[in-house]
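Reviewing the structure listed below.
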Amino acid sequence: VIPQERNETRDRGVNVFLEQAARQFGTPVYVVDAETVAASAAEVEAAFPAPWLHQYSLKANDLPAVVSLLSERGWGANVVSSGEWSSARQADVPDTAVTCEGIGKSDAELAQAVQTAARQQPLRWLALESHAEAEQLDKAARAARLGDDGLPSLDVLLRLNPQVRPETTPGLAVGAANSKFGMHETEIMSFVSEQSRGRGLRVRGVHVHVGSDLGDVAAWASAGVQAVRLLGEISAFAGSADTVDFGGGFPLKAPGSPRPAEFHDALAASLAVERLPWPAVCAVEPGRYLVGSAGWLVSRVLHSRPRAPHAQQVVLDAGMTELIRPALYGSHHAVRALASGPAEERFDTAVEGPVCESTDSLGTHSLPRLRRGDLVAIEGAGAYAASFTSRYNGRPHPTEVMVWPDGSLQLCERPPVPGRDVQAPRSLAGAARPDG
Ligand SMILES: Cc1ncc(COP(=O)(O)O)c(C=O)c1O
């Protein structure tokens, strides 16, 4: 469920700009409210005050306009691919404020990271997932002579798999021991104690992330304590180790959901119990919390009819290709009709997407009578929506719009996604045909 703190007056104000966006740019259209993003960022900044580093995880929404708004507040960018990195660059985030993580980095992406140090503008850090990745990066760093000839080394964190089961949907829990995410402590210590590494990489510390949309603070704090303890062990081998990046995971604001300050306080209390000091450099890298409730997907009704057991069934012009979360995780996003008044009669309504899959459904909602052409707003669509589209059924990426505090709407652009780093397959034309 995407819980919302309801506020009728705000909803009415929001409806005005959502309708305007649909009229001006057509549907489906994503709309992001800059003021709500800024307010959520301010809350995280207050919960984790400087000198905490704030890295925005672009995977939640890599729209350069969003990244640039956060960068102007002093946020760095946390990216998982050269595609996200180009959004950060389009938003003028300097490479020195970019952190790079990601479960499967290509040789080209590792080389791109090395190049930043070769140009004297090294990434803030790169988080390593495995020994194989570390070896490849080390090889590239040696070849570029990082750490020699006046060139800086590239700072790396080692991603810890904290072996915890966080309080969230199974699909969003990445900290379990058998997951593909991060290294176990033994793998990290064997990497750190290895003597054969060159000077091109400098071990700065530990990266940990237990999962997203956390319903409680316990697993987050427990993983944080493990990361800090491990940092102490690492620093016996690497004097440069002083950093823990505690990841993201804060859930959207809702009654009963822990707020960012509660995550900070739980970690502080757990470190105190364990008599562990705060690391010299601490970072968080949230995504969802900053943008989730700041975004809507505005869509038009294509059909409406009664269909048992529901009083009404509607098919929209937006669905799983624009908002995959219901099909992927069973998430429930609130849907509201933009033109309806509070007194209008409501019907139990099945809200469906236009894609040829029966899982393309937004579930049931209480909505007024709807007709073709009516506008609806899908809430909580600022995170993991526009950044998570697909072109299935030949569907294009919808338009994206920012609303600024003066009410103006800005049509936003994304950079093209860079090409894949794959060996070009031998062309069929050049291959010998069995029939000669
Ligand atoms: C390593 C890492 N950091 C940060 C995030 C951001 O999480 P959230 O959007 O829940 O804050 C994710 C999300 O998957 C992640 O995998």
Side-chain angles (χ1 to χ4, degrees), residues 2-3 32 37 40-41 43-45 47-48 52-63 66-67 70 75-81 84 88 98-105 124-130 133 156-162 164 166-176 179-183 205-217 219-220 223-224 227 243-254 257-260 262-264 282-295 324-325 328-329 331 380-388:
I2 292 291
V32 177
V37 176
S40 303
E43 190 182 337
V44 176
E45 291 155 18
F48 297 89
W52 276 82
L53 292 172
H54 307 119
Q55 296 294 121
Y56 169 56
S57 282
L58 268 71
K59 54 172 80 73
N61 189 335
D62 54 341
L63 193 64
V66 170
V67 183
L70 290 166
W75 286 66
N78 178 45
V79 306
V80 293
S81 66
E84 286 190 353
V98 169
T99 55
C100 177
E101 45 116 355
I103 206 66
K105 303 175 199 75
R124 185 164 271 164
W125 60 68
L126 178 141
L128 288 167
E129 289 280 339
S130 71
E133 191 172 78
V156 293
L157 301 188
L158 303 162
R159 179 160 178 187
L160 171 67
N161 174 314
V164 293
E167 313 74 5
T168 182
T169 322
L172 297 177
V174 300
S179 80
K180 65 182 174 184
F181 300 93
M183 293 180 266
V206 183
H207 175 225
V208 70
H209 171 77
V210 299
S212 201
D213 203 11
L214 303 173
D216 188 35
V217 297
W220 197 86
T243 303
V244 174
D245 178 346
F246 294 93
F250 314 141
L252 298 191
K253 284 188 200 88
S257 289
R259 303 287 277 256
E262 291 170 61
F263 285 88
H264 174 277
C282 293
V284 277
E285 52 180 32
R288 179 188 315 271
Y289 192 77
L290 301 167
V291 285
S293 51
I324 198 172
R325 302 188 69 257
L328 191 61
Y329 308 124
S331 349
Y384 302 102
S387 55
F388 215 153

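Both ligands and their constituent atoms are indexed starting at 1 by order of listing.
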Q) Which word best sums up how the rings of His264 and Phe48 line up, parallel for under 30°, tilted for 30 to 60°, or perpendicular for over 60°? A) perpendicular
Q) Is it the side chain, the backbone, both or neither of Tyr384 that has a heavy atom closer than 4.0 Å to ligand 1? A) side chain
Q) Quick one: does Gly211 get an N or O within less than 3.5 Å of an N or O on ligand 1? A) no
Q.
What I'd like to find out is whether the side chain of His207 reaches to under 4.5 Å of the side chain of Thr99, using heavy atoms alone.
A. no
Q. With atoms numbered from 1 as shown, which atoms in ligand 1 lie under 4.0 angstrom from a non-hydrogen atom of Gly249?
A. 7 (O), 8 (P), 10 (O), 11 (O)
Q) Any N or O of His207 that comes nearer than 3.5 Å to an N or O of ligand 1? A) no
Q.
I need the atoms of ligand 1 closer than 4.0 Å to a non-hydrogen atom of Arg288, numbered in the order shown.
A. 8 (P), 9 (O), 10 (O), 11 (O)
Q: Kindly indicate whether the side chain of Tyr384, heavy atoms from C-beta on, has any atom under 4.5 Å from the side chain of Arg288.
A: yes
Q: Would you mind listing which atoms of ligand 1 come within a distance below 4.0 Å of any non-hydrogen atom of Ser57?
A: 3 (N), 4 (C), 5 (C), 6 (C)
(Q) With respect to Gly287, determine whether any N or O atom, backbone or side chain, lies less than 3.5 Å from an N or O atom of ligand 1. (A) yes
Q.
Suppose we measure from atom 14 (O) of ligand 1 to each protein heavy atom; which comes out shortest, and what is that distance?
A. Lys59 CD, 3.5 Å
**Q.** Identity and separation of the nearest protein heavy atom to atom 3 (N) of ligand 1
**A.** Glu285 OE2, 2.6 Å
Q: Output yes when Lys59 and Glu285 qualify as a salt bridge under the 4.0 Å nitrogen-oxygen rule, no when they do not.
A: no
Q | Atom indices of ligand 1, in the order listed, that fall short of 4.0 Å to a heavy atom of Gly248 | A | 4 (C), 11 (O)
Q.
Please confirm whether the ring centroid of Tyr56 lies under 6.0 Å from the ring centroid of Trp75.
A. no
(Q) Does only the side chain of Ser212 get under 4.0 Å from ligand 1, or the backbone, or both, or neither? Count heavy atoms. (A) both
Q: With rounding to the nearest 0.5 Å, note down the distance linking CG in Leu70 to OG in Ser40.
A: 9.5 Å
**Q.** Residue part near ligand 1, for His209, under 4.0 Å between non-hydrogen atoms
**A.** side chain
Q) Is the shortest distance from a heavy atom of Gly247 to ligand 1 less than 4.0 Å? A) no
Q.
Quick test: of every protein heavy atom, which one is nearest to atom 1 (C) of ligand 1, and how far off is it to 0.1 Å?
A. Glu101 OE1, 3.2 Å
Q: With Asn78 as reference, evaluate Glu101, Arg124, His54, Gln55 under the side chain to side chain donor-acceptor pair (under 3.5 Å) test and give the passing residue.
A: Glu101
Q: Take the angle between the ring planes of Tyr289 and Phe250 and call it parallel below 30°, perpendicular above 60°, tilted in between.
A: perpendicular
Q. Mind checking whether Glu133 and Val156 have side chains closer than 4.5 Å, heavy atoms only?
A. no
Q) Any N or O of Arg159 that comes nearer than 3.5 Å to an N or O of ligand 1? A) no
Q. Are the side chain of Asn161 and the backbone N or O of Phe181 linked by a donor-acceptor pair below 3.5 Å?
A. yes
